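Here is the structure we will look at, set down as structure tokens.
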There are 4 protein chains.
Amino acid sequence: MDGGEPKFRRRKDERPAEIVEAALAVFAEKGFAAAKLDEIARRAGMSKGAVYLYFETKEEIFRAVVVRAIAPNVAAVKAMISTHPGPLPDLLRGVARHVAGVIETTPIGAVLKMVVGEARNFPELARVWHDELVAQALGALTDAIAGAQARGEVRPGDPRAYALQLISPILVAVLWRETFVPVGAQGFDVRALMAQHIDTILHGMALEGARS
Amino acid sequence: MDGGEPKFRRRKDERPAEIVEAALAVFAEKGFAAAKLDEIARRAGMSKGAVYLYFETKEEIFRAVVVRAIAPNVAAVKAMISTHPGPLPDLLRGVARHVAGVIETTPIGAVLKMVVGEARNFPELARVWHDELVAQALGALTDAIAGAQARGEVRPGDPRAYALQLISPILVAVLWRETFVPVGAQGFDVRALMAQHIDTILHGMALEGARS
Amino acid sequence: MDGGEPKFRRRKDERPAEIVEAALAVFAEKGFAAAKLDEIARRAGMSKGAVYLYFETKEEIFRAVVVRAIAPNVAAVKAMISTHPGPLPDLLRGVARHVAGVIETTPIGAVLKMVVGEARNFPELARVWHDELVAQALGALTDAIAGAQARGEVRPGDPRAYALQLISPILVAVLWRETFVPVGAQGFDVRALMAQHIDTILHGMALEGARS
Amino acid sequence: MDGGEPKFRRRKDERPAEIVEAALAVFAEKGFAAAKLDEIARRAGMSKGAVYLYFETKEEIFRAVVVRAIAPNVAAVKAMISTHPGPLPDLLRGVARHVAGVIETTPIGAVLKMVVGEARNFPELARVWHDELVAQALGALTDAIAGAQARGEVRPGDPRAYALQLISPILVAVLWRETFVPVGAQGFDVRALMAQHIDTILHGMALEGARS
DNA sequence: CATGAATGAGCCTTCATTCAT
DNA sequence: TATGAATGAAGGCTCATTCAT
């Protein structure tokens, strides 16, 4: 008679997060244009009108979904940057652990797919993702690699390209999971892939005689 | 009765291709749902009604765009597979040249983006792409790597993961071009990236003392 | 339990009037359909729910606004009718003073505009205004003019038309103020207009040789 | 089998006028906000979607209705101005005939009601009506009266107020017809009213001994 | 009494698709 | 074949009204 789920929830503070969570699922599944507010509202457990108490437009919800997904990952980037800039292998292995955790516990893969798919329709979101997240991570990696090159640990070559080589399999594995696994493709074990990849690349980047 | 000025009358046979070409541009720019048939027809230089003489629905056009983009690349995959399975480096460098050409002369990047973005709405297209293109290419690479491992050219490790490691930077570079370059990000020189990547990975995969 | 700070607690009795006052402003500004209860409640200094404690529907509020504006003017009409039916000029000048005061101190102009604008949507309100106010005033004037005609003070002619001629400029001046002055038009000095108009009409209606 | 009303009318040129005509009826009846596009389309004999082939928004339709009603009346104003500037009575009687015709053959009364009712929501329409129609007519009348004063035909007094006095009963009669006649009020015979009014005012404005 | 979060019906607008010409 | 006017089903958004607190 008293507890349970009241018909009118009256939980103003929690509603936006509930909407964003539901919207993430629907947007990831349908894309922006094909996502219906009816469904977002239903999955969020409220009426369509209630959604508009917290967000002005469907676009605003989309923005909130995409922008909100940045925050937890900025921490990962920060960690990457601040991690002891000792030998490159230690840095990469430490970062890899962190990234694997993020990939497994957050929906960043789905959001990444949305950013790629809607970049032309929402350029400012692509810009935010690039400037605050992707470019930061790539830049930090690039710097670390350049440092290792200066220390003679790594062979000559474009450090930004090396950085991209390092990141790419993870990104592809995540997009693969979103794109091809649902239609029957075999997935990739992200942690195993990362481990093998780091080994390979470290090996491949190393100067002869300077193997770790 | 006589046909008047047939000068500018295109033949029926060319129309579907014109529609697919125009649709590719619009779908790549807007995504499936936000693309308007009005715009596709206009860019194809015909009326909206004419489009429906050649395609039943908007979805059919989308399917045609995505499926048609497979053909030229199947050739690349076939080439990769049929290439003499001699030393891995030769294979990779040959394939890379081919792939670079495809990337530079076809809109495969845009179509890849569409496949990723609409995989949930058009699972059969994701499946076609996977089965006929991506899995084939990955499988062929995997086989080649496994063969090299058997010959003692390559270190132990999951050959399928090695294959993913090999192709990922190209895919990411292409998606990067579609997603972040339009909002001001610095692009990647695909040929240089591929060259450096193959060198790095070959180095990294090689057994000690078996360097190429 | 004790009531806390009753300082700013308005009494229940005053709330309806506050609502009607606020609603008048909003209805006059936006029209019935475009007026939002949110704004009425806000201007009345209470919550939307509180409004519904005193009125059943938005329509009821509108009716209250329109009907309430009748009362003070019914008095004017009564006064006009009961005024000693002496010479017409005295009557008109007395009434004019009264009417001018009403126009200057009440929002009757705004309400008149609402009645005109919403007559088709609220016919019973148009009827009330007509039956209780406009027709009464016009009828009283008509009778007074007919009486003056019988006494030989006024030229032959349709007394009801004379009555309309007499009141029209005031009505138009009021609607003009509501409609065109806000977009930059020059207004009319109601008292001066009334004075000149009564002079003109009295002159014009007078029988030759019977000038006042 | 051939003539009749084809299901698809294919009469692009006539559609806008049909829409405006239907919209005038609906707007006059319901007001802008309460008018439904469904009903406008139905009365215009087409689907809702067809309306949007010719007008961008509901507001555009409203504007078209209000602006279109100006054109025929601008002619009346021009006529008023250009009419032989001889003795005032001739001018007024000539103009009155013209105006009566306009009132009887056009829906200007309904549009005037709409302008008054929606002036706050569409100020630019109120401005257009004032600047191009009402102020022009009032100004021309004012000038004619001032000229007559200069010639000694008319008594001293504010000529603009005289002009308003002249116009007002017509306007009020028209609004009366729109507002109170539908709820049972007795109407006014516009031509008779105009004739009596002009007589009265001319009498009333005339200098003693200068009667026409 | 009072609040304001929540509801849900309704409307404007869009756009894939059809069809008379 | 080709056209493009026309259709009609949705969907985003609003807002009068309700109701748990």
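Each chain gets a letter, A, B and so on, in the order the sequences are listed, and its residues count up from 1. Predicted model, so just to flag it, every value in this text is computed and none were measured.
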(message) I'd like to know if the side chain of C/Lys58 and the backbone of C/Ala35 have a donor-acceptor N/O pair within less than 3.5 Å.
(response) yes

(message) Between P on E/dA5 and CE on A/Met46, what's the gap in Å once rounded to a whole number?
(response) 13 Å

(message) Does this structure show an ion pair linking C/Glu18 with C/Arg43, if we count only N-O contacts that are shorter than 4.0 Å?
(response) no

(request) Identify the nucleotide, in any strand shown, that forms a Watson-Crick or G-U wobble pair with E/dA20, with both distances under 3.5 Å; if there is none, say none. (result) F/dT3

(message) Which residue is it: B/Glu39, B/Arg42, B/Lys36? I am looking for the one with a side chain to side chain contact (heavy atoms under 4.5 Å, CB included) to B/Val26.
(response) B/Glu39

(message) Tell me the interatomic distance from A/Glu39, atom CD, to F/dG12, atom P, rounded to whole angstroms.
(response) 11 Å

(request) Tell me which nucleotide among E/dT13, F/dA6, F/dC15 gets nearest to the side chain of C/Lys36. (result) F/dC15

(message) If I take atom CZ from residue A/Phe27 and atom CD from residue A/Glu118, how far apart are they, to the nearest 0.5 angstrom?
(response) 9.0 Å

(request) Give a yes/no answer on whether the side chain of C/Lys58 brings an N or O atom under 4.0 Å of OP1 or OP2 in F/dA16. (result) yes

(message) Could you tell me how far apart A/Phe32 (CZ) and F/dG12 (P) are, to the nearest whole angstrom?
(response) 8 Å

(request) Identify the nucleotide, in any strand shown, that forms a Watson-Crick or G-U wobble pair with F/dG12, with both distances under 3.5 Å; if there is none, say none. (result) E/dC11

(request) Indicate whether OP1 or OP2 belonging to E/dC15 is found under 4.0 Å from a side-chain N or O atom of D/Tyr52. (result) no

(request) Could you check how far CG of D/Asp38 sits from P of E/dT13, rounded to whole Å? (result) 12 Å

(request) Would you kindly give the CD1-to-P distance between B/Ile19 and F/dT1, to the nearest whole Å? (result) 12 Å

(message) Quick check on DNA chain F: between A/Ala33 and C/Thr57, whose nearest nucleotide comes earlier from the 5' end?
(response) A/Ala33

(request) Could you state the atom-to-atom distance from CZ of D/Arg42 to P of F/dA6 in whole Å? (result) 19 Å

(request) Return the nearest nucleotide to the side chain of C/Leu37; candidates are E/dT13, F/dA5, F/dA16. (result) F/dA16

(message) Please pick, from F/dA16, F/dG11, E/dA5, the nucleotide with the shortest atom-to-atom distance to any side-chain atom of A/Tyr54.
(response) E/dA5

(request) Name the nucleic acid region contacted by B/Ala35, choosing base, sugar-phosphate or nothing; use a 4.0 angstrom heavy-atom cut-off, strictly under. (result) sugar-phosphate

(request) Taking only the side-chain heavy atoms of B/Ser47 (C-beta and beyond), determine which of F/dT3, F/dG11, E/dT7 contains the nearest atom. (result) F/dT3

(request) Taking only the side-chain nitrogens and oxygens of B/Arg15, find out if one of them lies under 4.0 Å from OP1 or OP2 of F/dT1. (result) no

(request) For D/Val51 and for A/Gly49, find the nucleotide of DNA chain F with the closest heavy atom, then tell me which residue's nucleotide is more 5'. (result) D/Val51

(request) Measure from the side chain of B/Lys48, starting at C-beta and using heavy atoms only, and say which of E/dT17, F/dA2, E/dA2 lies closest. (result) E/dT17

(message) Does this structure show an ion pair linking D/Glu21 with D/Arg68, if we count only N-O contacts that are shorter than 4.0 Å?
(response) no

